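Structure first, commentary second.
As the structure is a prediction and not an experimental result, all values here were calculated from the model. Side chains are part of it too, since the values below use all heavy atoms of this structure and drop only hydrogens, waters and symmetry mates. Reminder, nothing fancy here: chain letters follow the sequence lines and each chain counts from 1.
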Amino acid sequence: DAGITQSPRYKITETGRQVTLMCHQTWSHSYMFWYRQDLGHGLRLIYYSAAADITDKGEVPDGYVVSRSKTENFPLTLESATRSQTSVYFCATLGDSPLHFGNGTRLTVT
Amino acid sequence: DAKTTQPTSMDCAEGRAANLPCNHSTISGNEYVYWYRQIHSQGPQYIIHGLKNNETNEMASLIITEDRKSSTLILPHATLRDTAVYYCIVRVASSGGSNYKLTFGKGTLLTVNP
């Protein structure tokens, strides 16, 4: 039972490059979320999705794009990466009650 | 969602009970109290949740005051592996829309000392 798989686990990219972080779930949960975590800020919601083809902005959506063509996948794209987007990114799904989190992607933008 | 207030950090001796407080004075009647923890370099992990009554599971106990304005997470016999950041969150139970937008604060860093 893989649950939530995030890939890659680590990524280094250059300023201005496009990069996509992948999130895959095996539970068929309707809701999926992307958070970023930075020192001093805790977890902040970037985007969420209530179902396939339904997405909405969270607290810090600027500079990010999401899509949800299939229930099980929720990729997060940084269209033109900036140094301020260096962070740890967590994907999560919502089942009956608690959120389930992936193990994160550590992204460094140089 | 109601905002929560937690201490920035706490210490606990190994084998003793760890009591982590959370204030949520603006909680609404249909909002649950959830607790998560995050061990270094891992994704947050669900611990327990409750509405009004005290709850217990294999990981912890949750004590909610009668007025529901505060709660305490209790780890009965803390171990070194319980060192983590603990997040208290409140959210509505009903489905739909932004009700599922959970806001994580900065949490409490619990350090369990040998």
- Nearest atoms (heavy-atom pairs only) where B:Pro44 meets A:Leu43: CG-CD1, 3.5 Å
- Message: So that I know where these two stand, are A:Phe101 and B:Phe104 an aromatic pair - ring centroids less than 6.0 Å apart?
- Response: yes
- Pairs in or reaching into residues 28-48 of chain A: which pass salt bridge (Lys or Arg N to Asp or Glu O under 4.0 Å), with residues at least two apart or in two chains? A:Arg36-A:Asp38, A:Asp38-A:Arg44
Around atom [atom1] of [X], are there more than 12 heavy atoms of other residues, nucleotides or ligands at under 6.0 Å?
X: A:Arg17; atom1: CZ; result: no
X: B:Leu51; atom1: CG; result: yes
X: A:Leu39; atom1: CG; result: no

- Item | Proximity breakdown for A:Gln37 and chain B, heavy-atom pairs closer than 4.5 Å | side chain
For residues 72-84 of chain A, tabulate all N or O donor-acceptor pairs below 3.5 Å that involve a side-chain atom, not counting sequence neighbours.
residue: A:Asn73; atom: OD1; partner: A:His24; partner atom: ND1; Å: 2.8
residue: A:Thr77; atom: OG1; partner: A:Thr20; partner atom: OG1; Å: 3.0
residue: A:Thr82; atom: OG1; partner: A:Ser84; partner atom: OG; Å: 2.9

- Query: Got A:Phe90 and B:Gln38 here, is their nearest side-chain heavy-atom distance under 4.5 Å?
  - Reply: yes
- Query: Do A:Leu99 and B:Tyr36 touch side chain to side chain, with heavy atoms closer than 4.5 Å?
  - Reply: yes
